[in-house]
Chemist: 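I have a structure here, written as structure tokens, and I will follow up with some questions on it.
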Amino acid sequence: MKLAFFVTQYPVPSETFVTDQIAAMVARGHDVTIITAKRREGVLDPRLETATLVALQPVDVHRSRAIPRLAMRALRNRYDLRKAAVAARAIVQRLPGSALDLAAHTDDALGRFDAIICHFGTAGVRAEALRRAGVFSGPICTFFHGYDVSKLSTVKRYLPHYRRLFRQTELMLPVSHLWRRRLVEWGAGSDRVIVQRMGVDFERIAAQAFDKPIGRPLRVLSVARLIEKKGIKFAIAGVRQAGIPIEYTVIGTGSDEEALRIQAAGSKNEIRFLGRQPHSAVLAELVRSDVFLLPSVTATDGDMEGVPVALMEAMATGVLTVATRHSANNELIADGEEGLLVDEGDAGAIATALEKIGSGEIDVFSIRRAAREKVAREFDNAKLNEQLEQVLAQLTTSKRGNRKDLASANGSSKPFEGGELL
């Protein structure tokens with residue numbers, strides 16, 4: 001298939017799941033083009049060597065110059081006239097990014113693709129405008145991850161545009177059932193909203209022995225951006241409150257780092273910050289850890305997680321996870337079976353969970369095994385990429401991806417139920 005991936009910026013270091021998915025489609029032999037509004041600094045992943053990268057906006061582009069130039073070009077050819085009309089509407093609708101995409105791209109149209117995969121609802125809105133203007137053509141499929149359907153300011157601004165996306169494009173691909181329900185409540189047709197998980201490269205993650213003894217001190221690890229929604233301040237408070245010896249390691253950087261370091265100072269339990277680390281170092285820390293702690297919370301601006309890939313990696317490694325009843329975490333972890341869940345913002349519950357693990361009250365061995373099995377069944381990228389490939393292939397023969405046709409693409413005589421492949 002001839003596939004396009006549309007993202008507003010590329011590459012983005014924190015969005016490795018996008019690169020992994022693109023690389024999987026390249027590896028499967030598809031003709032892949034990455035279309036981005038802005039090309040960011042950074043070396044491209046070597047797995048994408050055969051992919052084409054198109055940046056719509058030059059590095060030095062400015063709206064005050066690009067828009068008038070598009071207006072001038074519109075007087076000379078029909079293609080730019082069409083782009084100018086869509087750009088003018090985008091300006092009226094307060095979508096300056098879409099207007100600049102159209103004005104800045106002065107090359108020829110990119111042609112037709114068998115599918116255009118967008119990551120984040122806001123990118124889907126921009127892709128729909130580009131298709132309407134004739135920059136490219138083909139069915140549009142949009143992944144919805146987290147902030148794009150939860151952050152209050154984003155939802156307020158984009159919900160009217162999401163509703164156009166629901167009407168005018170082919171598939172919505174939320175990463176959880178929670179987000180699927182939200183999209184349907186907002187007006188998306190249930191027959192075109194399919195849960196498409198993001199996952200991990202399961203076969204590349206070796207599991208530690210399920211019967212590995214719990215350490216003393218208890219070794220606890222968090223890997224996260226140090227921002228409000230990750231809830232690390234509650235993790236630190238829980239570690240400080242716990243009545244057992246704990247060695248707590250935090251990997252990641254972010255705007256809250258200084259405040260978190262101040263909070264951690266003077267703790268009787270060791271708390272160390274390692275900053276940003278390569279993925280290999282993260283996996284090494286996982287292997288030596290007893291517990292992976294990610295106490296996500298809903299931020300004051302409404303921002304929420306999707307289904308954290310960091311939790312999946314920990315579970316696949318055979319590390320006991322402690323997380324919160326947040327977003328779709330319960331779709332990944334059944335409390336007491338595949339990990340432990342506590343309420344958002346409850347440092348005391350975190351301390352209690354860690355104490356129970358450290359004192360041997362939790363059946364750690366069976367939870368480790370069940371957690372890895374859960375990831376293997378439902379969050380293995382090999383299976384998820386095959387599923388996505390089947391859905392995209394069916395779009396080439398199904399005009400709008402109806403339930404019956406998409407079910408057939410997955411080798412099932414049944415339609416989709418609850419938006420997820422059977």
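Note that the structure is a prediction, hence the values are computed from the model and not measured.
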Chemist: Evaluate whether atom CG of Asp211 has more than 12 neighbouring non-hydrogen atoms of other residues, nucleotides or ligands under 6.0 angstrom away.
Modeler: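 Enclosed: over 12 neighbouring heavy atoms sit under 6.0 Å from CG of Asp211.
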Chemist: Does a side-chain N-to-carboxylate-O contact under 4.0 Å join Lys374 and Glu338?
Modeler: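 Glu338 and Lys374: salt-bridged.
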Chemist: Please answer whether the main-chain N or O of Gly124 pairs with a side-chain N or O of Thr142 as donor and acceptor at a distance below 3.5 Å.
Modeler: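 No, Thr142 side chain to Gly124 backbone: no donor-acceptor pair under 3.5 Å.
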Chemist: Determine whether Asp31 and Lys2 satisfy the following criterion, salt bridge (charged side-chain N to carboxylate O under 4.0 Å, His left out), listing intermediate values before the conclusion.
Modeler: CA-CA 5 Å; Asp31 180 358; Lys2 186 178 181 182; 5.4 Å; no
Chemist: To the closest 0.5 Å, what do you measure between CD (Glu228) and OG1 (Thr298)?
Modeler: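 If we round to the nearest 0.5 Å, Glu228:CD and Thr298:OG1 are 9.5 Å apart.
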Chemist: Regarding Glu128 and Arg167, does a basic nitrogen lie under 4.0 Å from an acidic carboxylate oxygen?
Modeler: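 The answer is no: the pair does not qualify as a salt bridge.
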Chemist: Below 4.0 angstrom, N of the basic side chain to O of the carboxylate: do Arg181 and Glu185 qualify?
Modeler: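 Salt bridge between Arg181 and Glu185, a charged N being under 4.0 Å from a carboxylate O: no.
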Chemist: With Phe120, which of Tyr147, Trp179, Phe143 fulfils ring-ring contact (aromatic ring centres under 6.0 Å, His included)?
Modeler: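 Exactly one candidate clears the test, Tyr147.
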Chemist: Does a donor on one side chain and an acceptor on the other come within less than 3.5 Å for His145 and Glu305?
Modeler: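 No, no side-chain donor-acceptor contact under 3.5 Å.
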Chemist: Quick one, Leu183 and Phe166 - any side-chain contact, counting heavy atoms below 4.5 Å?
Modeler: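 The answer is yes, as the side chains (C-beta and beyond) meet within the 4.5 Å cut-off.
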Chemist: Using a distance-only test with no angle check, is there a side-chain donor-acceptor pair under 3.5 angstrom linking Tyr10 and Thr19?
Modeler: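 Yes.
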Chemist: Give a yes or no answer on whether the side chain of Gln263 reaches the backbone of Lys233 with a donor-acceptor pair at less than 3.5 Å.
Modeler: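 At least one qualifying donor-acceptor pair exists.
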Chemist: Verify whether one side chain among Gln9 and Thr36 offers a donor that lies under 3.5 Å from an acceptor in the other.
Modeler: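 Side-chain D/A pair, Gln9 to Thr36: absent.
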Chemist: With a cut-off of 6.0 Å (strictly less than), are more than 12 heavy atoms of other residues, nucleotides or ligands near CZ of Arg377?
Modeler: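 Counting other residues, nucleotides and ligands, CZ of Arg377 exceeds 12 neighbours.
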Chemist: Taking the side chain from Arg180 and the backbone from Val193, do they hold a donor-acceptor pair closer than 3.5 Å?
Modeler: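 Yes, the answer is positive, given that a donor and an acceptor are paired below the 3.5 Å cut-off.
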Chemist: Answer yes or no: is there a donor N or O on one side and an acceptor on the other, between the side chain of Glu170 and the main chain of Ile140, under 3.5 Å?
Modeler: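 Yes, because the side chain of Glu170 sits within donor-acceptor range (under 3.5 Å) of the backbone of Ile140.
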Chemist: Using a 6.0 Å cut-off, check whether atom CZ of Arg272 has over 12 heavy atoms from anything other than its own residue.
Modeler: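 Above 12, so yes.
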Chemist: Could you check Asp290, Val287, Leu286 and say which one makes a side chain to side chain contact (heavy atoms under 4.5 Å, CB included) with Val319?
Modeler: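 Exactly one candidate clears the test, Leu286.
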Chemist: If you count every heavy atom of other residues, nucleotides or ligands that lies below 6.0 Å from Arg276 atom CZ, does the total exceed 12?
Modeler: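 Atom CZ in Arg276 is not packed in, count stays at 12 or less.
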Chemist: Dump the intermediate steps for side-chain hydrogen bond (donor to acceptor under 3.5 Å, both in side chains) on Ser267 and Tyr248, then the final yes or no.
Modeler: CA-CA 10 Å; Ser267 171; Tyr248 181 39; over 6 Å; no
Chemist: Do the non-hydrogen side-chain atoms of Arg240 and Lys268 ever get within less than 4.5 Å of each other?
Modeler: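 A side-chain contact is absent here, since even the closest heavy-atom pair is not under 4.5 Å.
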Chemist: Would you check if the side chain of Arg219 reaches a backbone N or O of Ile214 as a donor-acceptor pair within less than 3.5 Å?
Modeler: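 No, Arg219 side chain to Ile214 backbone: no donor-acceptor pair under 3.5 Å.
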Chemist: Per the ring-ring contact (aromatic ring centres under 6.0 Å, His included) rule, which among Trp186, Tyr158, Tyr162 passes with Phe144?
Modeler: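 The option that passes is Tyr162.
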Chemist: When you check the gap from the basic side-chain N to the acidic O, do Arg325 and Glu344 get nearer than 4.0 Å?
Modeler: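 So Arg325 does not pair with Glu344 through a salt bridge.
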Chemist: Hey, which of Glu378, Met312, Arg197 is the one that makes side chain to side chain contact (heavy atoms under 4.5 Å, CB included) with Leu332?
Modeler: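 Single pass found, and it is Met312.
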Chemist: Using a distance-only test with no angle check, is there a side-chain donor-acceptor pair under 3.5 angstrom linking Ser366 and Asp363?
Modeler: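 A pair is found: one side chain offers a donor N or O, the other an acceptor, under 3.5 Å apart.
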Chemist: Under 6.0 Å from the NZ atom of Lys356, do we count more than 12 heavy atoms belonging to anything else shown?
Modeler: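 Open: at most 12 neighbouring heavy atoms sit under 6.0 Å from NZ of Lys356.
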Chemist: Is there a donor-acceptor contact under 3.5 Å linking the side chains of Asn385 and Gln21?
Modeler: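 Per modelled atom types, Asn385 and Gln21 side chains form no pair under 3.5 Å.
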Chemist: Taking the side chain from Asp346 and the backbone from Ala349, do they hold a donor-acceptor pair closer than 3.5 Å?
Modeler: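 Yes, Asp346 side chain to Ala349 backbone: donor-acceptor pair under 3.5 Å.
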Chemist: Is it the case that the ring center of Phe202 lies less than 6.0 angstrom away from the ring center of Phe379?
Modeler: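 No.
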Chemist: Strictly below 4.0 Å, N to O, side chains only: are Lys230 and Asp256 in salt-bridge contact?
Modeler: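 No, this pair does not count.
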